[in-house]
Amino acid sequence: MKAAGRPVRARLRDRVAASDPGLLRLTAGLRTAGAIALAIAVLALLGTDVTHLVAGALAAMVATFAIREKQRGQQAGTLALGLPVALASMTLAALLHRHVVAGDLVFVALIFCAVYGRRFGDRGTALGLIGFQIYFVSLFVGATVSALPELYGAVAVAFVCSALVRFALVPETPAAVLRRLREAFRARLAQLLSAQLDLLDAGPEEADRALEEVREGTARLHETALLIQGRLAEGTADEAVARLVQRRVADAEIAAERLGLALLRARGAERVDTLALHLPGAPVPSGGRQPVRDESTALLRRDLQALSLLVLRPVDRAAGTSVSHVRNRLLGYRDDENLPDAPPAVQDVFRAVGEAARAVLGLRIALGAAQDESDDTPATARSREELDAEDAVLDADDSAPQEEPTGLRRPTTRAAVQVAVGSSLAMAGGELLSRDRWYWAVLTCWIVFLNTASTGEILVKGYRRLLGTVLGVLAGIVLAGAVGRHTWTAFALVLLFVFAMFYSAPLSYTLVSFFVTAALGLLYTLLHTYSLSVLVLRIEETALGAACGVIAAAFVLPVQTDRRTNELLATVLERLGDVTRSAVDQLSGGPPDELLDRARDLDQALADLRAATRPLTHPVTPLRARRETARYLVALLETCAYHARSLAATAELLPTHPSIAADPRLRRAAGRIAHNLEAISAHVTDDHATDRIETGPSIASLLGPAGAGAPRYGRVTDRVLRHLQRLDEGVAGLARPLGVPVTAPDS
């Protein structure tokens with residue numbers, strides 16, 4: 001029943017959607033390769049020679065990948081502005097062709113302006129890329145003043161072909177991208193449920209591997225949720241719809257993570273820390289024991305499979321009696337009287353299945369699924385009423401603008417100065433290696449600064465580019481010999497490599513460098529300038545450019561990896577405190593707050609920190625202890641973020657959920673968490689800080705007595721207390737690796 005009943009085509013579609021969320025990589029590859037192919041075809045029909053075919057192909061590639069805006073009107077405007085920028089850049093390159101010093105100075109100025117232009121958003125970034133890359137193309141094909149008219153024609157044709165492919169042949173709208181991302185979220189959610197089912201069935205030997213697949217599935221689901229959040233504003237009709245989809249995606253993600261944790265407990269671990277779901281390599285708690293094989297676990301296996309099928313069912317398909325029956329059964333587990341006779345840990349998994357089914361129902365409603373309420377049970381009807389009530393209280397709020405740094409503190413200005421200095425060094429060194437190919441060193445120096453913010457990131461990116469270049473040179477040697485002077489075969493292989501380059505770009509920068517270098521070997525063959533010495537020179541120029549980039553990053557307005565990660569860590573701690581305080585305040589009876597926006601900001605800050613720590617966690621780093629510490633810290637922060645998101649989601653249920661009510665005592669109980677976050681943040685930002693974190697009794701005990709005849713925790717749910725307790729433990733756990741002193745209060 002796992003998915004065998006679904007058509008092969010549907011399973012294949014779901015696999016593609018999950019592997020490439022939103023088909024963003026596929027679209028980028030098809031667009032770029034299509035624009036190049038169309039430009040080559042048009043120029044060939046016009047009788048253009050091979051040199052101008054190469055210029056047109058490269059210009060088409062630049063005109064396609066430089067445009068990053070999401071709205072079609074903005075894309076068209078940037079493309080229209082990009083053509084005169086490209087022509088002006090090519091003119092400068094041709095005019096300065098024989099004036100070495102003046103040409104070098106202008107090229108450095110152009111590089112500075114191109115990087116500085118990033119401060120003006122996507123359009124400034126695109127125009128800067130076009131200006132720099134077309135100047136490079138001019139150097140590559142040896143542009144001269146006499147050849148400018150034909151080069152102008154080739155570039156103009158390239159831009160027109162890029163526009164045709166973008167807007168007619170491979171069109172893409174924000175709404176369509178968001179729709180595909182939502183399908184990818186559903187596919188990845190189903191994959192995570194399948195991995196969780198495998199974890200339930202895994203024996204002691206397979207348990208660690210099964211848990212690692214659950215971790216990977218959880219991370220991939222979170223990645224897709226972040227992609228959806230980034231596309232909601234442009235891809236939905238209005239802000240209310242955007243917020244509704246955002247809320248339902250967050251609910252589904254939290255429910256899936258909660259289900260994974262419950263499954264770990266059901267395997268026999270008496271007290272599983274959420275860190276087990278976030279720390280790579282952590283073993284299955286309690287030695288990977290399995291629950292007793294009985295009727296309840298067989299029912300659980302059946303219901304996990306049924307939940308996966310509900311997730312994958314197309315949104316536009318009517319439910320049907322059998323589907324309604326399954327949905328009603330799963331939603332019934334939200335009520336204790338419908339739970340099967342089983343150990344408490346297994347019953348918790350059934351409860352988590354019920355909550356996950358509710359999240360799936362809410363997600364389907366938010367995505368516009370047709371609703372048939374004729375077969376609803378009381379439990380299903382109650383879930384619908386809760387979802388409707390939650391949707392009704394969602395409103396919009398404008399965030400206050402944040403103050404940005406100025407002068408050399410602004411990242412774009414600092415990067416522009418760094419890359420200008422690094423490019424000058426690369427230019428000088430590159431000309432010592434070759435009077436004709438020096439620009440490869442400059443290109444490498446430029447590229448290692450793209451999308452990097454610290455010396456460590458630049459070092460890792462330079463290493464990956466050099467490795468990919470070496471492998472690409474080896475491939476280029478083989479391909480150049482095989483292709484010889486077969487022009488169209490070479491162009492076909494170039495198109496294949498360009499597609500592969502853009503399809504693999506988010507996955508591996510080493511692969512990107514490999515495909516680029518292999519394609520360049522073929523282009524050199526077409527231009528009759530290929531030789532083994534040229535490809536070896538490319539390796540030398542690449543190594544020189546990467547070294548110059550690292551030198552500039554290390555000595556010119558440097559941003560050390562430690563400083564960068566500390567800044568981002570402080571941001572994560574601040575936003576974690578914001579989400580926790582706001583959620584607890586609302587659960588304590590305070591006014592509603594924009595918890596969704598705060599949780600989204602926390603997720604983004606954590607994603608930035610995760611990216612910044614990659615140099616520290618890279619496999620080649622010699623500092624093994626530091627690598628493990630960085631991995632542990634990020635995993636612990638991901639655990640804390642999960643509990644903070646869960647608190648926020650529970651707080652937003654407060655106005656509509658009958659089993660959740662405000663309890664003012666929570667404010668006092670959560671005070672220790674807020675204090676500890678501030679103390680840790682102080683130590684991160686100030687080496688001389690003397691703040692200490694506090695430990696003590698459990699969060700539940702801090703609530704105090706509930707009064708005669710009242711439940712122990714008043715009307716606050718156990719779930720809230722559990723999340724607060726885990727968050728308290730997680731925050732305290734940050735103290736040891738960060739060297740923050742601990743104070744245990746007197747009993």
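- To the nearest 0.5 Å, atoms CD1 (I477) and CG (L532) are separated by 5.0 Å.
- The OG atom of S513 sits 11.5 Å away from the OH atom of Y463 when rounded to the nearest 0.5 Å.
- When R188, Q229, R186, E183 are each tested for a side-chain hydrogen bond (donor to acceptor under 3.5 Å, both in side chains) with T224, only one passes: R188.
- In this pair, F502 and F65 present their aromatic rings tilted. The plane angle is within the 30 to 60° band.
- Of the charged side-chain nitrogens involved, none lies within less than 4.0 Å of a carboxylate oxygen, so that E212 and R209 do not count as a salt-bridged pair.
- Salt bridge status for E257 with R645: present, with a side-chain N to carboxylate O gap under 4.0 Å.
- In this structure, OG1 in T525 is found 10.5 Å from CG in L520, a value given to the nearest 0.5 Å.
- How far CG of L92 is from CG of L110: 7.5 Å, rounded to the nearest 0.5 Å.
- Scored by the side-chain contact (heavy atoms from CB on, under 4.5 Å) test, A163 finds L79, F167 as partners (sequence neighbours excluded).
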- Message: With side-chain hydrogen bond (donor to acceptor under 3.5 Å, both in side chains) as the criterion, how do T64 and R31 come out once you've worked through the C-alpha distance, each side chain's angles and the decisive distance to 0.1 Å?
- Response: CA-CA 7 Å; T64 304; R31 272 186 174 175; over 6 Å; no
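- Between E638 and R610, at least one side-chain nitrogen of the basic residue sits less than 4.0 Å from a carboxylate oxygen of the acidic one, meeting the salt-bridge criterion.
- Using cut-offs of 30° and 60° on the angle between ring planes, the pair F491 and W488 is tilted.
- The aromatic rings of F140 and Y439 sit perpendicular to each other, their planes meeting at more than 60°, with 30° as the lower class boundary.
- Taken from CZ in F136 to CE in M90, the straight-line distance is 12.0 Å, to the nearest 0.5 Å.
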- Run the side chain to side chain contact (heavy atoms under 4.5 Å, CB included) check on R119 and T413 step by step: do they pass? CA-CA 8 Å; R119 66 168 296 195; T413 306; 5.5 Å; no
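- A salt bridge does not link E457 with R614: every distance from a Lys NZ or Arg NE/NH1/NH2 to an Asp or Glu carboxylate oxygen is 4.0 Å or more.
- Stacking of R25 on the aromatic ring of Y503 is recorded, both the 6.0 Å distance cut-off and the 45° axial limit being met.
- Checking side-chain atoms of Q75 against main-chain N and O of E69 turns up a donor-acceptor pair under 3.5 Å.
- Here the CG-OG1 distance, from L526 to T489, works out to 10.0 Å after rounding to the nearest 0.5 Å.
- Each side-chain hydrogen bond (donor to acceptor under 3.5 Å, both in side chains) pair with one or both residues in residues 539-548, not counting sequence neighbours, would appear here, but there are none.
- Distance alone, capped at 3.5 Å, places no donor-acceptor pair between the S194 side chain and the A190 backbone.
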